[in-house]
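Each remark here refers to the structure printed beneath this line.
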There are 2 protein chains.
Amino acid sequence: MKKICAHPHPPRREKISDLTGRLRRESRKITGPRAAILEILHAHPHPLTNREILSALPKSSCDLATVYRSLHLLEKMGMVKRYHFHDGAARFELVGAGDNGHHHHLVCVNCAGVVEIAECFPEEIEKKIARTNGFKNVTHKLEFFGTCPKCQA
Amino acid sequence: MKKICAHPHPPRREKISDLTGRLRRESRKITGPRAAILEILHAHPHPLTNREILSALPKSSCDLATVYRSLHLLEKMGMVKRYHFHDGAARFELVGAGDNGHHHHLVCVNCAGVVEIAECFPEEIEKKIARTNGFKNVTHKLEFFGTCPKCQA
DNA sequence: CGCGTGTTGCAAACGATTTGCAATTAAAAA
DNA sequence: TTTTTAATTGCAAATCGTTTGCAACACGCG
Ligand SMILES: [Mn+2]
Ligand SMILES: [Mn+2]
Ligand SMILES: [Zn+2]
Ligand SMILES: [Zn+2]
């Protein structure tokens, strides 16, 4: 009976060495681009787009295609989670050690500022929804939107 | 004090004439493409992509660009709501009469089948999240994903 | 019927993401 | 350390969903 929504956010950050170790263990190479991308993700507390990651990288560390490919890999390995806010671009956030990464955000519709949210959709209700409809392995995507304090003119 | 999440789903369907009337009232023209698109939306109980709407339309009723433009218009007029499931494409569903349209879905990750969900994120928790972070006008996007009965091999 | 504005089709433009391929390189093997 | 091998990268082209410019067109009203 694993808990789906246990997120004592913010998750304790994993050491970079643990991250690279994880890669090495799955016989993936620790390349310059990957190390740099992990640094960026590790340094940022909120979901970043591929382009934002590229910009944050030391000047021309790698190609945008490499950022995309790296994040696919990290996602497949469960080291990052993918999020979608209101714009078209996917965003990625490092999954904390131990944490399964499931959590939600509150996004300002004006300035796009992000707040990490600890609350989750109530487990009992989700179970009821699954049971009622005969679905298995039900999860959810949930994001909040509103106007942040600064943007309330 | 307007209720955000009052959805006695499924909403009573509006008559097509009411829909076109709404358009006429805002001095928009009832064109062939628009009438056809409204028919399709009216006939379908779940969110459809622009391309799905086009395909469902009587052969070459209109151009894909027109479908996009029509749905933008309908969205701006509050007659359809936009949803995002796991694929890249936006989906649209007609908003029922009276209903503000806010509701959620349970989507099969295997066959993409959709179930309309009446449950919503608890209002009190959302209010707490808004208050705690000083945000105003907080809403949410919430979709459930799982394996439907048919797809449980 | 005839006008004026909203609409449409079509093709080109776009932004995000993916992919083919040849050149490169980290890491395992020798 | 050198060799070997498979993973990775850069670059450009391709894809996909969506938007837009523009000239031709057609509702809705008089
Ligand atoms: Mn987060
Ligand atoms: Mn629905
Ligand atoms: Zn949750
Ligand atoms: Zn809701």
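Letters go in sequence order (proteins before strands), and every chain restarts at 1.
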Heavy-atom donor-acceptor pair, B:Asn133 side chain to B:Ile129 backbone, under 3.5 Å: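 Checked: pair present.
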Protein and nucleotides 27-30 of chain C: nitrogen or oxygen contacts under 3.5 angstrom:
{"from": "C:dA27", "atom 1": "OP1", "to": "A:Ile30", "atom 2": "N", "distance (Å)": "3.0"}

Gap between atoms [atom1] and [atom2], on [X] and [N] respectively (whole Å):
{"X": "A:Arg25", "N": "D:dA7", "atom1": "CZ", "atom2": "C1'", "answer": "18 Å"}
{"X": "A:Lys76", "N": "D:dA7", "atom1": "NZ", "atom2": "P", "answer": "11 Å"}
{"X": "B:Leu48", "N": "D:dG17", "atom1": "CG", "atom2": "P", "answer": "15 Å"}
{"X": "A:Ile37", "N": "D:dT8", "atom1": "CD1", "atom2": "C1'", "answer": "12 Å"}
{"X": "A:Arg34", "N": "C:dT25", "atom1": "CZ", "atom2": "P", "answer": "15 Å"}

A:Glu93 and its side-chain hydrogen bond (donor to acceptor under 3.5 Å, both in side chains) partner, picked from A:His44, A:Lys81, A:His103: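 Among A:His44, A:Lys81, A:His103, the one that satisfies the side-chain hydrogen bond (donor to acceptor under 3.5 Å, both in side chains) with A:Glu93 is A:His103.
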Summary of side-chain hydrogen bond (donor to acceptor under 3.5 Å, both in side chains) pairs that have at least one residue in residues 60-79 of chain B, sequence neighbours excluded: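 For residues 60-79 of chain B, and leaving out neighbouring residues, the side-chain hydrogen bond (donor to acceptor under 3.5 Å, both in side chains) pairs sorted by first residue read B:Glu75-B:Arg82.
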Where at least one partner belongs to residues 141-153 of chain B, residue pairs that pass side-chain hydrogen bond (donor to acceptor under 3.5 Å, both in side chains), sequence neighbours excluded: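 Output for this query lists B:His105-B:Glu143.
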Test item: A:His102 and A:Cys120 side chains (from C-beta on) under 4.5 Å apart, heavy atoms: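 They are in side-chain contact.
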Check: B:His140 ring centroid to A:His104 ring centroid under 6.0 Å: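 No - the distance between ring centres of B:His140 and A:His104 does not fall below the 6.0 Å cut-off.
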Short N-O contact, A:Arg22 and A:Glu26, less than 4.0 angstrom: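 Salt bridge between A:Arg22 and A:Glu26, a charged N being under 4.0 Å from a carboxylate O: yes.
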Residues A:Lys128 and A:Glu124 bridged, charged N to O under 4.0 Å: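 A salt bridge is absent here (no side-chain N lies under 4.0 Å from a carboxylate O).
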Nearest atoms (heavy-atom pairs only) where A:Leu71 meets A:Val80: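 It is O-CG2, 4.0 Å.
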For the student: nearest non-hydrogen atoms of A:Cys62 and A:Leu57, plus distance: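 Looks like SG-CD2, 3.9 Å.
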Per-nucleotide protein contact string for nucleotides 9-17 of chain C, where B marks a base within reach and S marks sugar-phosphate only (heavy atoms under 4.0 Å, - for neither): BB-----SB
Non-neighbouring partners of B:Arg131 that pass side-chain hydrogen bond (donor to acceptor under 3.5 Å, both in side chains), sequence neighbours left out: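 Partners of B:Arg131 under the side-chain hydrogen bond (donor to acceptor under 3.5 Å, both in side chains) test: none.
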Degree of bending, the helix from C:dT18-D:dA13 to C:dA30-D:dT1 (end axes from five pairs; round to 10°):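 The two end axes of the helix from C:dT18-D:dA13 to C:dA30-D:dT1 meet at 30°.
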